[in-house]
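As structure tokens, the structure follows; a few thoughts come after it.
Reminder, nothing fancy here: chain letters follow the sequence lines and each chain counts from 1. Only a predicted model underlies this, so the values are computations on that prediction, with no experimental measurement involved.
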Amino acid sequence: MSEPRIKEEVRQSIREDEAIDDEYVDEFIDLLDAKYRDLEFDDELVSLTRMDIEGFKVIDELDVSISDRATIIHGRNSKGKSSFIEATRFNLFGRDNDDPLITRPINRNYKKLKTDGYWRKGRRNYLVHREMERNQSYEGHNKPNVIENPEDSEHSEAEQRTQSEVDDLIGITPLYEQGFNRFNIFSLFSIISGDLRSFYGWDEATDLIDLLFGIKLTKVDRAIRSELDECKLEDEEQEAKTRLLEYKQRAKRINDEIQELRQEQEQVEDQLSEKVERREELDRLLDKSEADSALSEKIDLKDEISDTQSRLQEKEDEFRSVKQEISKLKDETATDEIAPALQEIQQLISLPNRCPVCTRDVDPEQQQRFNDHGDCPLCGKDVPDDRYETVSEVDEEGEIMEREKRQEELEELESRQRTLEGEIKFLEEELEEKRDQLETLKSREEQSGFAEYKREKEKIEQEIENLRDKNTSLELSIDAKKGTLHGVARQVWEWNQIDEERQRKEQRMDALESYQSIISEERKKARRRLKNRLEERMESLLDVFTRGTFANATGVRFDRGDSYSYTIHRTDNTQKSPGLLGQTDAELLLHMLLFHTTVLAELEEERETVPLKLLLIDSPYGNGPDDENAADVTDFLLELPEILESYQLIVAMADSNLTGRDKLEESYALEPVEQHI
Amino acid sequence: MARHEKALLRVSQWLDLSRSGRQEFIDTAQRVSSRQETTYTRYDEQYLQHLQQDVFTHDEVLSYLEEAGIGEDIVQDFSSGEIPFDEVYQSWNEIRYSVNEILDLTMLLKLVHSCSENPETLSQGIDSRYKFQKLVYLVNQELADQNRMDRDTAPYDHGKLEKTGFRYTYRMRSSGPFAKTLEEDKRRLYASNLIDEEVMAKVETPEINEENCRYRITLGRSGEVVMDRFASQLESLETEVLSDWEDAIDHVVLQFGHMTVEELHEYIMDLDPVKEAEDRDLLLRGRRVKYDSEPWITISAGGEIGHV
């Protein structure tokens with residue numbers, strides 16, 4: 001199908017696809033128009049002419065000129081042939097931080113490593129100078145210096161350029177601009193034993209192959225994918241739907257509460273205005289009836305009552321104190337009444353005359369001893385001083401006067417008590433009378449309605465106050481709820497924004513995915529065509545392999561899926577596919593020689609392609625003996641310059657593998673490493 | 001002879017004058033004293049001072065003494081006013097009781113007397129120490145229960161017992177309410193023949209000191225004399241505090257005097273405060289008020305000790 005027709009068909013599909021909303025159609029068609037274009041590469045081919053290396057891994061110093069065609073760099077193990085391949089890559093791209101091969105890149109004898117790659121592009125020569133030293137970390141490797149015509153001009157190695165100048169030089173900028181990693185791009189041009197899968201196993205190798213072979217839909221697809229990446233939901237967007245619902249429910253709840261409070265408030269306000277109205281009415285009624293009421297008379301009476309009450313209180317206090325005085329005096333004289341009896345008893349017990357224990361009488365001698373010495377007549381011991389007294393005839397009758405005086409006082413107090421009783425009685429009567437008057441006045445008021453109005457007014461005022469308090473507190477509650485609602489509403493708004501964005505993204509994602517599947521359908525066809533080409537090419541290359549693993553190959557089949565993986569079928573019905581082979585497997589090396597060569601050979605057919613025509617092969621025989629395939633590898637290496645006619649081949653191998661040296665010399669320039677150190 | 005002039009008699013006795021000599025000395029001294037235009041009615045220090053300074057130093061008295069053949073040194077004491085009154089006048093020892101104690105003792109006698117007079121009581125006096133203790137308790141309990149003077153003067157919880165009643169404090173014993181100080185006062189009454197305790201048949205009571213036999217308490221010889229003289233006075237007291245007390249005694253005797261020990265015990269032990277009390281718990285505090293006048297002192301100068 002012709003290119004314009006493919007494009008038109010895709011356009012048509014975009015318009016017709018129901019899953020693609022109208023709003024995206026124009027954008028998608030624009031995208032198609034913008035991306036459905038061939039990559040434009042430089043026409044001028046790029047090749048390596050010389051590599052001058054210093055302090056790179058095992059290499060101290062190595063300066064090798066490279067011929068245009070095919071070169072084999074060989075030497076004993078650990079002399080730097082593999083390091084040469086790595087140094088060439090380093091010269092172009094610097095240190096690959098992800099590549100485990102470049103550990104300890106700087107030779108232990110050097111403070112820094114230096115590579116000078118001499119490149120030719122068309123008719124012009126370029127020197128790419130790149131060095132690296134280690135301070136805190138590796139430095140300098142991403143600051144190459146590109147010098148045009150180094151032989152003619154005075155140049156300073158210290159001058160620093162950017163990597164993009166090197167990219168431009170070797171013509172990979174269009175690929176780099178499509179988002180491919182430089183090292184991965186370059187891995188198509190290198191088969192390095194120990195790192196064989198770096199192209200074949202690379203996720204994006206399929207895309208790269210597509211683009212190199214003009215499957216422009218991949219360009220569109222990549223753009224769609226990057227759009228899809230943009231549509232990927234942020235964490236916040238993922239939870240937006242739930243959170244939005246949550247906040248909406250909360251807002252509704254609070255709003256309902258506010259409505260309830262408002263209703264309550266309205267009721268309170270209704271009640272309040274009713275009460276205020278009634279109070280005004282009462283005020284009018286009171287004004288009218290106050291004229292009728294004997295208010296001043298009542299006030300006077302109340303004053304009088306309180307005055308009488310306080311007088312009564314005074315009298316009662318005095319009465320009490322007089323009564324207490326009397327009671328005290330009476331107590332003091334209580335015993336006077338029976339004084340003779342007491343006196344008699346005192347005399348009778350002033351000297352015991354029998355013992356309550358043994359009941360015997362007290363002797364006269366015992367009595368005498370008590371009289372003379374104060375000894376107890378019963379037990380004979382000293383009677384304590386305070387228990388007995390010496391009495392003389394001379395003692396005087398003392399208290400008669402006092403008793404008489406007490407009697408006088410008593411009489412006086414009793415007369416005062418009687419007076420007070422009279423006064424109190426009088427005051428009580430007066431009080432009673434005034435209270436009666438007050439009652440009469442009050443009942444008159446009752447009749448005039450005054451009191452009733454007044455009571456009602458007091459009650460209503462209290463109610464009004466309560467209602468106002470309630471209203472205020474409702475107002476406060478509503479305000480508080482409003483504040484909360486405001487905050488929640490803000491959250492709703494914010495989450496709504498986020499959710500809208502989520503919906504937009506999801507919608508867009510759906511559309512993009514539909515777009516992608518349209519592209520994918522069309523691209524499948526294009527890929528099938530390319531795969532057919534590659535199958536054909538690989539099958540013809542397989543003819544070279546006559547003795548080893550691929551000797552009985554019957555055909556090659558590229559997978560139907562979205563990748564360029566393949567399987568080699570053999571006469572014994574076994575299949576060989578690189579997918580399952582180990583990194584160091586000698587058979588994988590064989591596969592990669594075949595695969596890379598196939599792709600590069602087909603690329604030669606393309607009109608627009610990368611100007612870098614270089615294939616680096618490190619240790620094509622592997623690191624171990626592989627007697628089974630060694631002859632096939634040699635045969636393939638011999639064929640290679642012819643297959644990849646426009647390519648510059650640089651093969652690094654150990655002296656021990658240089659078995660078919662004579663044959664190889666025909667096709668390759670042999671450069672022993674030792675000669676260039 | 002006026003009572004205060006007994007002083008002259010004591011001086012004449014001290015001078016060892018004959019009966020006629022004594023009278024002559026008294027007459028002389030009275031004559032001199034009456035000329036001084038003073039009127040003494042009391043036998044006290046003042047009167048003695050008057051005798052010493054104005055009478056005994058008088059020439060008439062001194063010359064009488066010389067004529068009567070009194071020794072020179074004694075006449076000298078007279079003229080210098082230094083008669084040793086201590087030797088002249090009589091003095092003796094008496095066990096002292098406060099008016100409060102005497103009051104309790106008097107009222108106890110009244111209780112015993114009332115029991116004896118009670119027509120309901122089958123026997124004379126109180127038939128046991130147990131009943132004696134419990135009757136006194138009931139008297140105080142009645143006073144405590146009586147309400148309660150006026151609201152402004154009433155004590156907060158003591159009823160009339162605040163002002164009147166026995167001062168004995170009752171605590172809970174196995175026999176019921178018991179006051180130790182009442183037991184002591186009963187001994188005092190006994191020691192002075194105011195009450196008698198007669199041992200009765202070998203029937204015990206719950207009381208601690210009646211475990212083997214019972215004691216009937218009656219008025220002693222002296223007690224009977226006192227009650228003969230004062231019983232009627234004690235029946236008709238006017239002072240409120242005393243008449244309340246006396247009324248309570250009469251009421252208790254009337255109500256409980258006739259009860260047997262068993263009946264009384266049953267009654268007492270069923271009283272609320274007694275029922276609820278643990279051993280030695282305070283049941284009832286005695287009277288609080290202390291009466292401080294000692295009326296008998298004023299009439300104690302009778303010249304002779306009046307033991308009955």
Glu246(B) versus Ile338(A): any side-chain heavy-atom pair under 4.5 Å? no
Neighbour count >12 (heavy atoms, 6.0 Å) for atom CD, Glu235(B): yes
Considering all heavy atoms of both residues, which atom of Ile195(B) and which atom of Arg354(A) are nearest to each other, and what is their separation? O-NH2, 2.5 Å
Which atom of Ala191(B) lies closest to which atom of Pro356(A), heavy atoms considered: CB-CD, 4.1 Å
Donor-acceptor check, side chain of Arg188(B) to backbone of Ile349(A), threshold 3.5 angstrom: yes or no? no
Honestly, the part of Glu197(B) sitting under 4.5 Å from a heavy atom of chain A is neither
For Phe230(B), which atoms come within 4.5 Å of any heavy atom of chain A: side chain, backbone, both, or neither? side chain
What's the verdict on side-chain contact (heavy atoms from CB on, under 4.5 Å) for Tyr97(B) and Ile345(A), showing C-alpha distance, side-chain angles and the deciding distance? CA-CA 10 Å; Tyr97(B) 292 93; Ile345(A) 305 260; over 6 Å; no
Which of Leu103(B), Leu237(B), Leu242(B), Leu234(B) touches chain A most, by non-hydrogen pairs under 4.5 Å: Leu237(B)
Given heavy-atom pairs under 4.5 angstrom as the criterion, report whether the side chain, backbone, both or neither of Ser236(B) touches chain A. backbone
Above 12 or not: heavy atoms from other molecules or residues under 6.0 Å from CG of Asn212(B)? no
Side-chain donor or acceptor of Gln346(A) paired with backbone N/O of Ile95(B) under 3.5 Å: yes
What distance separates Glu344(A) CD from Ile102(B) CD1, expressed to the nearest 0.5 Å? 11.5 Å
